[in-house]
Amino acid sequence: MSQSNSSQSNSSQSTSQKIPVTVLTGYLGAGKTTLLNRILSENHGKKYAVIVNEFGEIGIDNDLIIGADEEVFEMNNGCVCCTVRGDLVRILDGLMKRKGKFDAIIVETTGLADPAPVAQTFFVDEDVQKNARLDAVVTVADAKWLADRLKDAPEAKNQIAFADVIVLNKTDLVSKPELAEVEARIRGINPYAKLHRTERCKVALSDVLERGAFDLDRILEIEPDFLEAGDEHDHDHDHHHGQDHDHDHHHHDHGHGLKHYHDEEMQSLSLRSDKPLDPTKFMPWLQDLVASEGQKILRSKGILAFHDDDDRYVFQGVHMMLEGDHQRKWKADEPRQSRLVFIGRELPEQLIRDGFERCIVS
Amino acid sequence: MSAFEPGHQASIASVTDKVRPIAIGAAVTAVHFLGERAAFVGAEESVSFVDGEGEISKVQVTSKIQVHGGGILCAASDGERILMGGDDGKLVSVNAKGEVALLATDAKRRWIDNVALHSDGAFAWSVGKTAYVRGAKGEEKSLEVPSTVGGLAFAPKGLRLAIAHYNGATLWFPNMAATPEFLAWAGSHLAVTFSPDNKFLVTAMHEPAMHGWRLADNRHMRMSGYPGRVRSMSWSVGGRFLATSGADTVIMWPFASKDGPMGKEPAMLAPLQARVSAVACHPKQEILAAGYDDGTILLVRLEDGGELLVRRRGASAVAAVAWNAKGTMLAFADQDGDAGLLAF
């Protein structure tokens, strides 16, 4: 975006100067490499550094393609889910020597990888944070085989649950009912990701890159993606027409025919309150929750209205790691409503709901 | 804000007017003296030589020599030459005359992540999980460790290489058939260094901490409490202290006794409201040069912490500081390539 002519570097670079990093996941054979090749070959005038696991699969000559080993390191804090990608720390550090030679970084994970350590690297590592920012987790899914993989491959389920953007690929290989079925399965796990149906990963690059999904300033609202198209269950949510609504045409034939699935293992949980929250109760509660249940919670996100506070507070998290900040003033015409979302495995729903209730100012 | 705000500590002596400023014109990641010339290793492609002699005026780079076709990921020097590994998969050396030699090329063009030099002319480098050693006579050996190599260092005696990696360090005698020794400690170990008396091995970890082993009995030394990762380490003359970056003071671990820093507190010198980013101990005297992430450079006397101002802030963090072998010249550079030379 605002690529400043950077003779003035600063240790505390603003978000826009940090290099955006897109994480590309997807189960074996879903079409990750196809999407990657599309991104690299399209005429967009941008240069990407790409971190891949298998050399040679990419048909593009680029001296900024780097092989990685997916070394997942545990942090020395006694928490088994606090893992980072050690190789990524090293590679990003090395890539920063060539700052200015590329506009963005794409990290392709193996088909069996858990996206969490990649994302957590951006929460934990000071040097990574200084130079780069996580843009979005993009998951490529195979329309024909995903439903099967969700049954037998926990990795595939993880990747769907973790995604900010899902590219549902190979839609030409399935019938309409089959497609509706697999979409419902995806929504049963992750109703919040942007979903794009594609053949041969033909998706507008603006739909997968520069999403700002981890940018606290761009947490505008928290609504299931498919509700935006006017789902019948859409009773009372506020329409903030804006940046996030420009691809609704993908969802034109949802609505009445949409099946609802509940995945036994992986779910999302949404909380809301029209009454303000007590920050002295909420903050410790949230921190305790992710400390004790963080292994089950893959992603969390929230927009909060605190008692006696004119600012919106936003937070997001990956497993045990949280970051949050005051975002902006509540607008006069905006209902001061708090909304939280958790996506995770076997979420202790009642425990979370009860805990949240106790943070509401009565 | 800083202790050097005019009026606050006007008493600090300054030699800023004796520094000869140099504009390298590109990001710098390391500086080494080759003879009497300072060689500034760029973040990419080239090494810039600057003559140590001359007037105190804006000096120009004497020569700029292309050494790599991309980023320079690591550099080490023995005072005779600098070895550098690049993201072009090449290991290259440059000597005091500016002569460049290609020492090794990775067949798959993988990154050369680390390099180390031995006093007898042997050198080591690493690619991914594999460490390579080439002896003074040209014979080459390699060893694969369990995870990507984080750092390499030769022991001061014998041909022995320390290889830092995830969950510990491996000690390897490349010329011996014996199984390499493994020193375990959970976490990711990066830079590694032997104490000059060969009694201790110390690593800087990915987390903001250092770890040490006493080599006689492999007893552990935990050196933690840093606010940031330790990126620069330097042994004081005779190896009495290990000076480290990573905090808003220079953290000095005592190594003079047989127990090293075990059970001891480190000395903390030259506090500033900025983080130390580079340290270099004087080769003959108990003095060190410390660079900070606000661009400041101080000379610090170890005995009493007395300070001398070399540079008052800059546009970016100090990337490297180095002394020449005699200790008569100091060179420094910040990340943007604003550099300087100071002769005593």
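The structure displayed is predicted, hence computed values, not measured ones. Every chain is numbered from 1, with letters handed out A, B, ... down the list of sequences.
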- Please state whether the side chain, the backbone, both or neither of B:I72 comes within less than 4.5 Å of a heavy atom of chain A. backbone
- Task: Could you walk me through whether A:D93 and B:R231 pass the side chain to side chain contact (heavy atoms under 4.5 Å, CB included) test, one step at a time?
- Result: CA-CA 12 Å; A:D93 192 45; B:R231 290 194 160 247; 3.4 Å; yes
- Task: Give a yes or no on whether the backbone of B:E44 and the side-chain of A:K97 come within a donor-acceptor separation of less than 3.5 Å.
- Result: no
- Determine the minimum heavy-atom distance between B:D87 and A:R98, stating which atoms define it. OD2-CD, 2.9 Å
- Taking the side chain as every heavy atom from C-beta outward, state whether A:R90 and B:V149 have any atom pair closer than 4.5 Å. no
- Answer whether the closest heavy-atom distance between the side chains of A:E71 and B:K129 falls below 4.5 Å. yes
- Item | Gap separating the CE atom of A:M96 from the CD atom of B:Q335, nearest 0.5 angstrom | 12.0 Å
- Item | For the student: nearest non-hydrogen atoms of A:I66 and B:W111, plus distance | CG1-CZ2, 3.4 Å
- Note on the structure: Turns out that what part of B:A186 lies under 4.5 Å from chain A's heavy atoms comes down to both
- Keeping the roles fixed (side chain from B:Y166, backbone from A:E74), state whether a donor-acceptor pair exists under 3.5 Å. yes
- Per-residue contact mode, B:D88 against chain A (heavy atom under 4.5 angstrom): neither
- Query: At their closest point, which heavy atom of A:F73 faces which heavy atom of B:S188, and how far apart are they?
  - Reply: CE1-OG, 3.3 Å
- Portion of A:D69 that has a non-hydrogen atom of chain B nearer than 4.5 angstrom: side chain
- Query: Between B:S147 and chain A, which part of the residue has a heavy atom less than 4.5 Å away: side chain, backbone, both or neither?
  - Reply: both
